[in-house]
Amino acid sequence: MEADVTVIGGGLVGSCMAYGLARLGARVLVLDEGDVARRASRANFALVWVQSKGMGMPQYSAWSHGSSERWADFAALLAEETGIDVVHQRPGGFALCLSDDEMEARTRFIQRLQAQPGAPRIPYEVLDHAGVKRMLPDIGPDVVGAIYSPADGHVNSLKLFRALHVANGKRGVAYRPECVVDAIESRDGGFRIRGNWGEARSARIVLAAGLGNARLAPMVGLDAPVIPSKGQVLITEKVAPFLHYPMGTIRQTDEGGVMMGDSQEDAGFDTVVTNPVISVMAERAMRSFPLLRDLNVVRTWSASRVMSPDGFPIYAQSRTAPGAFVVTCHSGVTLAAAHALTLAPQVQAGALADELSCFSGARFHVPQAA
Amino acid sequence: MFRRLPDHNAETIRFTFDGAPLAARRGDTVAAALLANGIATCRATPAKGTARGPYCLMGVCFECLVTIDGTGNRQGCLVALEEGMRIETQAGARRAVAP
Ligand SMILES: Cc1cc2nc3c(=O)[nH]c(=O)nc-3n(C[C@H](O)[C@H](O)[C@H](O)COP(=O)(O)OP(=O)(O)OC[C@H]3O[C@@H](n4cnc5c(N)ncnc54)[C@H](O)[C@@H]3O)c2cc1C
Ligand code: FES
């Protein structure tokens, strides 16, 4: 099959792009690595999170909020096409604070975030201990208060990943694992993509290779200087549902396990779980919800986030090789709906919308002061 | 279901399962003690309430969950049987309770 578009990378970002393109009738080829690949998509915390996004770039706040607004429709589409319920829920989310200083800092942060010119007004409430306890009866005495935003939610991200692959299969997307791309050439208005598996050609390409984008982007005149940022997660045994809202760092999955996370460290490609970090995470979680103290942790893992220099997504079309797009971000669960339903149609139409121009990788090339 | 290998020296240990008095040997895990007493089901799944019992006997499958002395979701195959243990069926999901 000759594809119209080749998507490089079959994680959440590439799968969402492939899905969005296939829905519009494009013939799509996805080239991915094998099972041993570093994939943030199978190790994440599964939040569809909005309240703290976009300090320094209000457009990112709006983009995240926009995605969260479309998430319910997106989940319904996937359920209809695949029969898989990805368990999207949007009861609102809490950022719990364990001291007065934290409470003050968080409150000031969200005020400044929303005071940025052009920032969307995302609803939120500042709650004291009693206010939080009304919604989360199991909090401990150390919880001083919280920021609650009804815009936040969560999902089962492994089911999401699976649903996307099933939906893509049904729509005729060709998925080829064990196809590491080593070279891309643009020629005759199209692209020749090569690796030790052979080669593929298409008129358009989407670079969605997560951390691999740093290497691939320069091959087609794009910039994606992403680096790994380590995140660690703990999960407990499955227990009866008691947390009916997600927190930024604690959530109970639909299957009953309580996840605790999600540290941000600068640790290169080292994905070994380190004790001090997870003990701090567990300690905070137990102060937030003392009943966690008696539960068994059954697994811990760590994985690499895909981080750009300023933490915001990179979306761009190449100037020197038109038809080549790069799509990369560190919150691919939250942004899944936006990628599939907003960004993919723009790629299909051949041009990214003006309001996304702020996300171009060109922003990392501010001329050096003399 | 299972028959013990001859092991005359091991001390007998008494315990209860869902209130019924039973005996097994020192060195048995809780899961082994149940199996040796012909008890093949020890929990009901949280999703559908289906009966399940010890399977892998090495800590991987979580099929052997029981409540031991009031603490739920313990892996019977990883806990050594002690004199007087009160073992109960793990019926559905464990409830997290404040300490
Ligand atoms: C601990 C942790 C917690 C997180 N929590 C959240 C959260 O709560 N909410 C949220 O929205 N996001 C969260 N994220 C981020 C989210 O998981 C990622 O944004 C998302 O999974 C990134 O998807 P991706 O497809 O870009 O990258 P990946 O999943 O890494 O996929 C990239 C794919 O590209 C392939 N690839 C790479 N190079 C090549 C090449 N040369 N040729 C072919 N294929 C290639 C790889 O094999 C891989 O399959 C979290 C991440 C981590 C690590
Ligand atoms: S029998 Fe498998 S974990 Fe105990």
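All chains are named by letter (A, B, ...) in the order of the sequence lines, taking the proteins before the strands, and each is independently numbered beginning at 1.
The greatest number of non-hydrogen atom pairs below 4.5 Å with chain B, out of Asp294(A), Leu292(A), Asn296(A), is found for Asp294(A).
Here the OG1-CZ distance, from Thr236(A) to Arg94(B), works out to 9.0 Å after rounding to the nearest 0.5 Å.
Around the CZ atom of Arg4(B), the shell of radius 6.0 Å holds more than 12 heavy atoms that belong to other residues, nucleotides or ligands. When the shell of 6.0 Å around CZ of Arg251(A) is examined, it contains more than 12 heavy atoms from other residues, nucleotides or ligands. Atom CZ of Arg42(A) sits in a crowded spot, with more than 12 heavy atoms from other residues, nucleotides or ligands closer than 6.0 Å.
Summarising the geometry of Leu291(A) relative to Ala96(B), their closest heavy-atom pair is CD2-O, 3.7 Å, with the distance given to 0.1 Å. When all heavy atoms of Ala240(A) and Arg95(B) are compared, the pair lying nearest together is CB-CG, 4.1 Å.
The backbone N or O of Lys238(A) sits less than 3.5 Å from a side-chain atom of Asn73(B), completing a donor-acceptor pair.
Proximity to chain B is absent for every atom of Val258(A), based on heavy atoms less than 4.5 angstrom apart.
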